[in-house]
Amino acid sequence: MKPMLDQGSLVAAIKRCTRVGDLKAIQAHMVRANLTQDTFLTSKLIESSAVTLSGHVAYAHRIFSCTHHPNLFMWNTIIRGYSISDSPITAIALYRDMFLCGISPNNYTFGFVLKACCKLLRLCEGQELQSQIMKVGLDFETPHLNGLIKLYAACGCMDNACVMFDEMPDPDSASWSTMVSGYAQNGQAVEALKLFQEMQAENVSSDAFTLASVVGVCGDLGALDLGKWVHSYIDKEGVKIDLVLGTALVGMYSKCGSLDNALKVFQGMAERDVTAWSTMIAGYAIHGHGEKALQLFDAMKRSKTIPNCVTFTSVLSACSHSGLVEKGHQIFETMWTEYKITPQIKHYGCMVDLFCQAGMVGHTHKFIQTMPIEPNVHISRKILKLDPSSPENYVLVSNVYASQGRWSSVCQVRRLMKDKALKKQHGWSSIEINFLVHKFIMGDESHPEREKIYGMLHQMARKLKQVGHVASTVDVLHDIDEEEKEYALGLHSERLAIAYGLLHTPNGSPIRIVKNLRVCRDCHEVIKLISEVYNREIILRDRVRFHRFRERGCSCNDYW
DNA sequence: ATAGGGTTAG
């Protein structure tokens, strides 16, 4: 190696570092060149290990602690490093230390601490920060406002986020994309799309960040036509399809059932990381193409991309849907032996599905005994104990009970959820007509065409009764709360969507609907009946299947 | 002397 003992070449060398080991070598050079007290070089060392080589904040922290009088840049850099690390709480602690050391923050500091608050969902501290900025007389800049909007969105307060956004004098593309992704993350997909359409109307051009969110929303809603339109918009505007946007498109096309397009985008991508590969593999898994998913998994390994736990969920579920028992078992074993990934409950779930579908009852029992957690209702109880704050877990448990007809337990779980005042996650269904996505929740009365829809709904109910359908839930849920009554009356979201579809799609064309979150037992049966009575093909995409491969062993290719 | 906010997979 050439000697590089001046500051300039050392800085250049730090920039080229890809591992912490490289930094150690440079530190050795600094000792030899008597440059250990060089503030600029020390700053760059901290920056490199704290930010550029993320995951090595502790190393940066050691250098920082050895510095006698760290300057503001060093403080900022170390706080920034922690804010993006898995210990953002340390960023906040350091921010307090900074005051104790008599160092005043600047605008950059606030941005980094805000990010840490965001990761920790510390709304109060974020607001405190907001008043501090004003107190010290610094300008409140767009990145701060965007950070606060993000914080509100992350904490589920889209109303506050919206007020801030509306009051912004000069929202930039980051502001828009924060809002769009905020709606998307809070399950307000339609609002996200509305905002995107507003952007179009106001001639605000969308960049790759916003578009990735929008594309994701299209996938969530199964809005293929709109998704295709956004894709053509991306091409037309010459927006570069980078790793993230490419991955978003692949995911959108596979979720919307268009695997050809998903593959086309995937193959056109200049680079592919573990997320991109996992998305494409999941696409094949969802549609029951087990062999293809496995081929892709092999290709991924050949490309030296290291699979993670998400990749394995998709690969194992692909095996389960295609009956590839041996192969699946083999891959499951490699999780720990080759990749040191501890299988999670969902991976065990895939394995149980795999054995069950192959009819290997004995094998299943044996496998279950090796599991760290029992795979029945009792695990669900454990899940609730482990994470009692996640509403999804309650829904999962309630569904497990429902599938066994244990209605009183269903009510108990629901009541528990209510007592804990957990935000109800409404199940919804949607249908896309002429690029517009119409979303319905159970008993939805807000639609402008509610009269027509309800008329159709009652007609549907009568016709179903004529062919002998008795809503199985009606009989058991008579003495429960209002919501359950609506449920029992048949105002399920998917029926509202179908009614709307019957009213608005031309005769002969299929009705494609997406159902999310709450599966009722007779949903598929009812849809089949409606489709027979009205002589219309009804295609249901059940989003729950994407999340919970382990539930009752239906193959996903039934849905598209 | 250096630096900031927003995006993707189950």
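In what follows, every chain begins at residue 1, and chains take the letters A, B, ... in the order their sequences are listed.
- A heavy-atom distance below 4.5 Å is not found between the side chains of A/Thr313 and A/Gln344.
- The separation between A/Glu47 atom CD and B/dA1 atom C1' is 12 Å, rounded to whole Å.
- The nucleotide whose nearest atom lies closest to any side-chain atom of A/Tyr108 is, among B/dG10, B/dG4, B/dA1, B/dG4.
- A/Arg272 forms a cation-pi arrangement with A/Phe266, by the criterion of a distance under 6.0 Å to the ring centre and an angle within 45° of the ring axis.
- Taken to the nearest 0.5 Å, the CD atom of A/Glu338 stands 10.0 Å off from the CD1 atom of A/Ile306.
- Ring pair A/Phe297/A/Phe312: centre-to-centre distance below 6.0 Å.
- Ring orientation note: the planes of A/Phe64 and A/His61 are nearly perpendicular, at an angle over 60° on the 30°/60° scale.
- The side chain of A/Lys255 sits closest to B/dA9 out of B/dG6, B/dA9, B/dT2.
- Here A/Phe40 packs flat against the base of B/dA1; its ring centre is closer than 5.5 angstrom to the base's six-membered ring, tilted by less than 30 degrees.
- Between A/Ile84 atom CD1 and B/dG5 atom C1' there is a gap of 13 Å when expressed in whole angstrom units.
- To the nearest angstrom, P of B/dA9 lies 18 Å from CH2 of A/Trp277.
- When rounded to the nearest whole Å, the span between NZ of A/Lys119 and C1' of B/dG5 equals 15 Å.
- Residues passing the ring pair (Phe, Tyr, Trp, His ring centres under 6.0 Å) test with A/Tyr59: none are found, sequence neighbours excluded.
- Rounded to a whole Å, the NE2 atom of A/His321 is 13 Å from the P atom of B/dG10.
- Residue A/Gln185 is classed as a sugar-phosphate contact, given heavy-atom separations below 4.0 Å to backbone atoms only.
- Regarding A/Glu271, its CD atom lies at a distance of 17 Å from the P atom of B/dT8, rounded to whole Å.
- Here the side chain of A/Thr247 is nearest to one of B/dA3, B/dT8, B/dT7, namely B/dT8.
- Side-chain proximity of A/Phe112 to B/dT2, B/dA3, B/dT8: nearest is B/dA3.
- Taking A/Ser87 as the reference, A/Thr90 meet the side chain to side chain donor-acceptor pair (under 3.5 Å) condition, with sequence neighbours excluded.
- Looking at A/Tyr183 and A/Cys162, their side chains come closer than 4.5 Å, going by heavy atoms from C-beta outward.
- B/dG4 atom P lies 20 Å from atom CG of A/Leu151, rounded to whole Å.
- Note on A/Asp242: nothing from the nucleic acid sits closer than 4.0 angstrom, heavy atoms only.
- With distances taken from any side-chain atom of A/Arg80 to the nucleotides B/dG6, B/dA9, B/dA3, the minimum falls on B/dA3.
- Across all strands shown, A/Ser173 has heavy atoms under 4.0 Å from base atoms, whether or not it also approaches the sugar-phosphate.
- A/Ile331 is listed as a side-chain neighbour of A/Thr334, based on a closest heavy-atom distance under 4.5 Å.
- Within residues 120-130 of chain A, no residue approaches DNA chain B, by heavy-atom distance under 4.0 Å.
- Within 4.0 Å (heavy atoms only), A/Ser278 reaches at least one base atom of the nucleic acid.
- Between A/Phe209 and B/dG6, a base-stacking contact is recorded: ring centres under 5.5 Å apart, planes less than 30° from parallel.
- Distance from the side chain of A/Ser177 is smallest for B/dG6 among the nucleotides B/dT8, B/dG6, B/dG4.
- In this structure, A/Gln344 does not reach the B/dG10 phosphate: none of its side-chain N or O atoms is under 4.0 Å from OP1 or OP2.
- Checking B/dA9, B/dA3, B/dG6 against every side-chain atom of A/Asn106, the shortest atom distance belongs to B/dA3.
- Counting non-hydrogen atoms under 4.0 angstrom, A/Asp273 reaches nothing in the nucleic acid.
- Residue A/Met179 contributes atom CE, which lies 13 Å from atom P of B/dT7 at whole-angstrom precision.
- Pairs engaging residues 161-174 of chain A under the side-chain hydrogen bond (donor to acceptor under 3.5 Å, both in side chains) rule: A/Asn146-A/Asp172, A/Asp172-A/Ser175, A/Ser173-A/Asp207 [sequence neighbours left out].
- Taking 3.5 Å as the limit, the base of B/dG6 and the side chain of A/Thr178 contain no donor-acceptor pair of atoms between them.
- Side-chain to base pairing of A/Asp172 with B/dG5: one donor and one acceptor N or O lie within less than 3.5 Å of each other.
- Applying a 4.0 Å cut-off to non-hydrogen atoms, the residues of residues 133-150 of chain A that approach DNA chain B are A/Glu141, A/Thr142, A/Pro143, A/His144, A/Asn146, A/Lys150, listed by residue number.
- Partners of A/His231 by side chain to side chain donor-acceptor pair (under 3.5 Å), not counting sequence neighbours, listed by chain and number: A/Tyr253.
- A/Lys115 comes within 4.0 angstrom of sugar-phosphate atoms only, judged by non-hydrogen atoms across all strands, and of no base.
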